[in-house]
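Here's the structure we're looking at; comments come further down.
Chain identifiers are assigned alphabetically (A, B, ...) following the order of the sequence lines, protein sequences preceding nucleic acid strands; residue numbering begins at 1 within each chain.
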Number of protein chains: 2
Amino acid sequence: MGKRISHKDSLCGVARPLDAIGDWWSLLIVRDAFDGLRRFGEFQKSLGLAKNILSARLRNLVAHGIVDIVPAAEGGPYQEYELTEKGRGLFLVLAALRQWGEDFFFAPDEAHVLLADKKSGLPVRRLELRARDGRVLGPADTIVRRPPSMARVELARPQVRTASNRRDFKPRTRK
Amino acid sequence: MGKRISHKDSLCGVARPLDAIGDWWSLLIVRDAFDGLRRFGEFQKSLGLAKNILSARLRNLVAHGIVDIVPAAEGGPYQEYELTEKGRGLFLVLAALRQWGEDFFFAPDEAHVLLADKKSGLPVRRLELRARDGRVLGPADTIVRRPPSMARVELARPQVRTASNRRDFKPRTRK
DNA sequence: CGATATCGGTTTCAAATTGAAACCGTGCAG
DNA sequence: CTGCACGGTTTCAATTTGAAACCGATATCG
């Protein structure tokens with residue numbers, strides 16, 4: 001789970017999300033949640049993963065504020081999992097991932113499901129990144145910019161514990 | 001790497017991509033590639049991961065057609081890694097992930113880099129999913145639709161090898 | 001030429017994670 | 001009380017990850 005944050009990525013807007021959902025199952029759980037699944041057993045049946053893993057993943061998603069545990073839904077004795085606002089924010093990530101998947105992971109003649117507008121039934125438009133003025137932006141048209149007042153101090157953050165910075169570190173001797 | 005494809009997800013447009021890039025490092029490598037990194041050592045320095053892991057990840061990305069190994073760039077004896085068309089297709093996935101990160105992973109007062117239009121220097125527009133007719137679509141406005149001619153046959157696919165479907169399976173006896 | 005360094009990995013081993021199945025506690029239904 | 005489904009936790013083995021050592025090819029210096 002909480003993998004290490006590598007030296008320079010503690011401030012990167014890509015690495016932090018990956019710490020929360022950067023494993024195989026988490027995004028699939030979220031996708032299923034978007035599809036209306038709410039119960040432990042539903043997720044397990046849908047995804048076919050081991051119960052301990054599902055348990056761990058759900059705990060992680062809850063810890064990251066992506067899903068909430070709601071006490072009961074229809075009065076039953078069980079709890080349910082539902083997406084938080086933050087979790088619902090993953091909608092576009094899933095959409096982008098799905099479009100990429102549709103573009104590159106299916107043979108041209110291979111049938112596959114695709115994302116459609118519920119009202120019209122037609123496939124959705126292709127996502128596109130636009131500038132303020134409306135121009136469509138490609139990879140070469142963007143930069144990651146540091147906003148004006150970004151202090152250059154390295155923010156105090158929990159020191160990563162690697163073998164070589166532990167105080168008791170001793171290089172292993174090879175046999 | 002090639003994790004298992006769970007029973008019903010062999011045809012899902014989300015699960016297949018995750019098989020290719022669904023681990024902590026792969027997307028970060030791709031992000032660095034977008035930032036212009038090309039050499040093994042550059043990736044390693046930027047990400048701070050172990051060389052064996054980087055090696056494995058790059059091999060996986062190459063195997064999935066996301067990066068290419070190009071023989072030499074400036075005549076040197078070394079090879080470089082560059083994004084393929086498929087790899088460049090991840091641009092929007094990264095953009096979506098970054099926007100989500102910017103929205104939810106930074107304290108309101110916490111400075112962070114953000115994605116900007118290179119020409120104007122202004123932050124990019126928020127991504128949005130739209131229907132053909134231009135309506136902005138939220139999670140509740142979409143369905144995954146099976147295109148007309150989707151055969152209902154379970155496609156022949158490499159049988160997943162789990163403990164319980166191996167021929168020599170024997171339930172373990174507890175101590 | 002020989003010594004040393006750098007790059008791009010592979011190998012080795014230990015530690016962490018994942019996964020299958022067994023086990024467990026609670027709340028029903030009969 | 002008996003059985004059973006749900007929602008997990010525990011146990012243990014197998015796989016993956018990671019740190020550091022090692023290696024081969026080329027380049028650089030003296």
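- For A/Arg59 and D/dG8, the shortest distance from a side-chain N or O to OP1 or OP2 is not below 4.0 Å.
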Could you write out each protein N or O paired with an N or O of nucleotides 5-8 of chain C at a distance under 3.5 Å?
residue	atom	partner	partner atom	Å
C/dC7	O4'	B/Tyr78	OH	3.3
C/dC7	O3'	B/Arg39	NH2	3.4
C/dG8	OP1	B/Arg39	NE	2.4
C/dG8	OP1	B/Arg39	NH2	3.0
C/dG8	OP2	B/Gly41	N	3.1
C/dG8	N7	B/Lys51	NZ	3.4

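- Atom CD1 in A/Ile69 sits about 12 Å away from atom P in D/dG7, given to the nearest Å.
- Rounded to whole angstrom, the span from the CD1 atom of B/Ile53 across to the P atom of C/dC13 amounts to 17 Å.
- The interatomic distance linking A/Arg57 (CZ) with D/dG8 (P) rounds to 15 Å, in whole Å.
- Look at CG on A/Asn52: it is 15 Å from P on D/dA13, rounded to the nearest Å.
- Separation of the A/Phe34 and A/Phe91 ring centroids falls under the 6.0 Å cut-off.
- In this structure, B/Trp24 places its CH2 atom 16 Å from C1' of D/dT16, rounding to the nearest Å.
- For B/Asp109, there are no salt bridge (charged side-chain N to carboxylate O under 4.0 Å, His left out) partners two or more places apart in sequence or in a different chain.
- Within the 4.0 Å cut-off from OP1 or OP2 of C/dT18, not a single side-chain nitrogen or oxygen of A/Trp25 is found.
- In this structure, A/Leu47 atom CG and C/dA20 atom P are separated by 13 Å, rounded to whole Å.
- More than 12 heavy atoms of other shown residues, nucleotides or ligands fall within 6.0 angstrom of atom NZ in B/Lys118.
- Atom pair A/Leu54:CG and C/dT17:C1' shows a separation of 16 Å (rounding to whole Å applied).
- For C/dT10, the OP1/OP2 oxygens have a side-chain nitrogen or oxygen of B/Ser55 closer than 4.0 Å.
- Of all the heavy atoms in A/Arg145 and B/Ala116, the pair that sits closest is CD-CB, 3.8 Å.
- Salt bridge status for B/Asp23 with B/Arg57: present, with a side-chain N to carboxylate O gap under 4.0 Å.
- As rounded to whole Å, 12 Å separates atom P of C/dT17 from atom CG of A/Asp23.
- Pairs engaging residues 85-95 of chain A under the side chain to side chain donor-acceptor pair (under 3.5 Å) rule: A/Glu85-A/Arg88 [sequence neighbours left out].
- Within the cation-pi definition used here (under 6.0 Å to the ring centroid, within 45° of the axis), A/Arg39 does not qualify as a partner of A/Tyr81.
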